[in-house]
Number of protein chains: 2
Amino acid sequence: MPSLKALRAFEAAARHSSVSAAGRELNVSHSAISQQISILEGYFGRPLFLRRGKRIAPTAEAAAFLEDIRLGFDRIAMASEQFARSGGARVVTINTTPSFAMRWLIPRLPGFQSAHPEIEVRVSTSSTDQIAGLGEPYDIIIRRDAMNRADHRCDRFLDDVATVVVARNLVEKGALKVPKDLLGLPLLQMRSRPEAWPRWFELNGVSCPDPLAGPLFEHFFLSVQAAINGLGAAVVPYALVESDLAAGILAAPFSSRDLVGPGFHILYRTDFLTNRVGRTIVDWLLAEGRGHKPPSGSPPVPPA
Amino acid sequence: MPSLKALRAFEAAARHSSVSAAGRELNVSHSAISQQISILEGYFGRPLFLRRGKRIAPTAEAAAFLEDIRLGFDRIAMASEQFARSGGARVVTINTTPSFAMRWLIPRLPGFQSAHPEIEVRVSTSSTDQIAGLGEPYDIIIRRDAMNRADHRCDRFLDDVATVVVARNLVEKGALKVPKDLLGLPLLQMRSRPEAWPRWFELNGVSCPDPLAGPLFEHFFLSVQAAINGLGAAVVPYALVESDLAAGILAAPFSSRDLVGPGFHILYRTDFLTNRVGRTIVDWLLAEGRGHKPPSGSPPVPPA
DNA sequence: GCGATCCGTTAGTGATTCTTACAAATAATC
DNA sequence: GATTATTTGTAAGAATCACTAACGGATCGC
């Protein structure tokens, strides 16, 4: 029996009619696929693909062979999935900040639940950005900065670009055209990020009022709610208001330079990925994060 | 999808109800199997085997899972085999000495042919023990000693124990009871191994006649034929006369100490094993060789 | 024509897998 | 019941395997 790894590479390459595409699917370089195919061709002593320049196509014989390979792998894959699901609900605990939970994680959870009904996700929140004192062990910790812990791995999974948002009706009044116009509005502040407004004003060439005029909140999500209600302007991570912007509830009033942070990160034990449930949830978080890139440079023009 | 390697280990272990046996089947240590199973159990987050001391048995769930795994692998294995066979006959060339070809290799070839009809084996013989001057490239070279060549691998695959044999009827006459009795017979000699008789006599505590009385042959197989015809006694590798001894045509007349050589070896290119045909023939040779161990110490008593 | 894309090869690196120990537990044997 | 021989699981190191990165050659689209 030939190498199963080589057979998988062969199958993927044949299905895509492309070595590179197969590499993308299996998360390896095109070179890795190419080598595995070479090994397989060496094993059988004859070519598996017809190569005409860039394009590759499986031999007539190989095509028939592929059918069986696919059926075999499919059977194994389906059985594995069924076995995994039959094992009862598995619990994954995620700790993050209240704001991130409310405005990013929880809205996306239904999507995960429907894709993986056997996995139960428990979200817990801690107000602190510090992870040192977290009592319980969590499977995944999400924070706004990179973290470090022995035997753990930290992945950046979401851009942290803080932009100014206000309620839709404030924009429609036409009073906000340039950054300086903000000075006429209450500036919603957060206790945990006192430097947000000063840095933002500096970045956009406006001298920052001192003291800032406006209420102080403990959490992002509270200030966002205040902004939605027309209480003033807030500087918040784009990722946490994406849906409100898209829905037209909030608006980014003008083109501006944004505060770019180190990004949102997830922290988990290194061996968490060797577990199917662990890999599933981490892959999902990474995919969700990468799938929603904020526009670089300037925020989108608010919908008309 | 979990690691295919781990699934194979799991399947084999379950089939044998034994980690060690699975290791033997897959040609790895029991530890390797044990670790792969651990990985799989970690992946699924629950045990696959019930362990009661030494004995292991798959979980009820796992047993159902196994069915599908087996079907999947079987499908792939069968398709691979079919694909390999559909590729037309492949040729393997083997070079060895005339004696080895006649008395060991050729008698066994029909067994190989019926197991692998798509592979054509071509046997060529060279009288010399030297492999340096062999002109053509051969896939496999078989000689009585270890060989060395760049990018090649040499495996010992057959014991080389030379013992004394005579025609059956000479034994029945009762004239041969101890080594010393040989002195009354013609001693069949070989040009390539002039030291055989002197060493054998020395090993068995008999002073060797000088010069030896008896005809000189170029090849083992000629001297064996002479022995069969009652012309005298020969010292020949046990492996080359095994079937004649078993059939009662030749006989090992008495218990004696035998000449133990370094063994018969096969030489082939290192990458020959990456080819299916290559691996098939090498595996077959190794299995045939290991399957026919000569009795250690003393030769068998001739059949009555 | 020219840039972009794709495949194949090589050398070097990195990761997985295996082997070789050892420890614990059990089954077999005396 | 003590002893020996098996068998499984774990740990650490070694060996193998697979992958990446970089380059060259070839083709395709513009």
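Reckoned from all heavy atoms, side chains included, excluding hydrogens, waters and symmetry mates. Reminder, nothing fancy here: chain letters follow the sequence lines and each chain counts from 1.
- Only B:Ser38, B:Arg51, listed by number, bring a heavy atom of residues 38-51 of chain B to less than 4.0 angstrom from any atom of DNA chain D.
- Atom CG of B:Leu4 and atom C1' of C:dT16 are 14 Å apart (whole Å).
- Ring planes of B:Phe10 and B:Phe49: perpendicular class, angle over 60° (limits at 30 and 60°).
- Not counting sequence neighbours, A:Gln113 has no partner by the side chain to side chain donor-acceptor pair (under 3.5 Å) test.
- If you measure from atom CZ of A:Arg8 to atom P of D:dC17, you get 20 Å, rounded to the nearest angstrom.
- Counted by atom type alone, B:Tyr268 and B:Asp155 present one or more donor-acceptor pairs between their side chains at under 3.5 Å.
- For the pair A:Leu26 CG and D:dA18 P, the interatomic distance rounds to 14 Å; values are reported in whole Å.
- Judged by the 6.0 Å distance and 45° axis criteria, B:Arg46 is positioned over the aromatic ring of A:Phe83.
- Taking atom CD1 of residue B:Ile37 and atom P of nucleotide D:dT10, one finds them 11 Å apart after rounding to whole Å.
- The CZ-P distance, from A:Arg24 to D:dT20, rounds to 13 Å in whole Å.
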Pairs under 3.5 Å (N/O, protein and nucleotides 20-29 of chain C):
unit_1 : atom_1 : unit_2  : atom_2 : d
C:dT20 : O4     : B:Ser31 : OG     : 3.0

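- Annotation: side chain of B:Tyr238 is not in contact with side chain of B:Asp160 (no heavy-atom distance under 4.5 Å).
- A donor-acceptor contact under 3.5 angstrom links the side chains of B:Asp258 and B:Thr163, judged on distance only.
- If you take CD of A:Gln36 and P of D:dA18, they are 5 Å apart, rounded to a whole angstrom.
- A donor-acceptor pair shorter than 3.5 Å can be found between the side chains of B:Asn95 and B:Ser124.
- Of the candidate nucleotides D:dG9, C:dC6, D:dC19, C:dC6 has the atom nearest to the side chain of A:Ser20.
- Across the protein-nucleic acid pair, A:Leu273 atom CG and C:dA15 atom P stand 14 Å apart, rounded to whole Å.
- Atoms CD1 (A:Ile56) and C1' (C:dT5) sit 14 Å apart, rounded to a whole Å.
- Defined by atom type and a distance below 3.5 Å, a donor-acceptor pair is missing between the side-chain atoms of B:Ser86 and B:Gln82.
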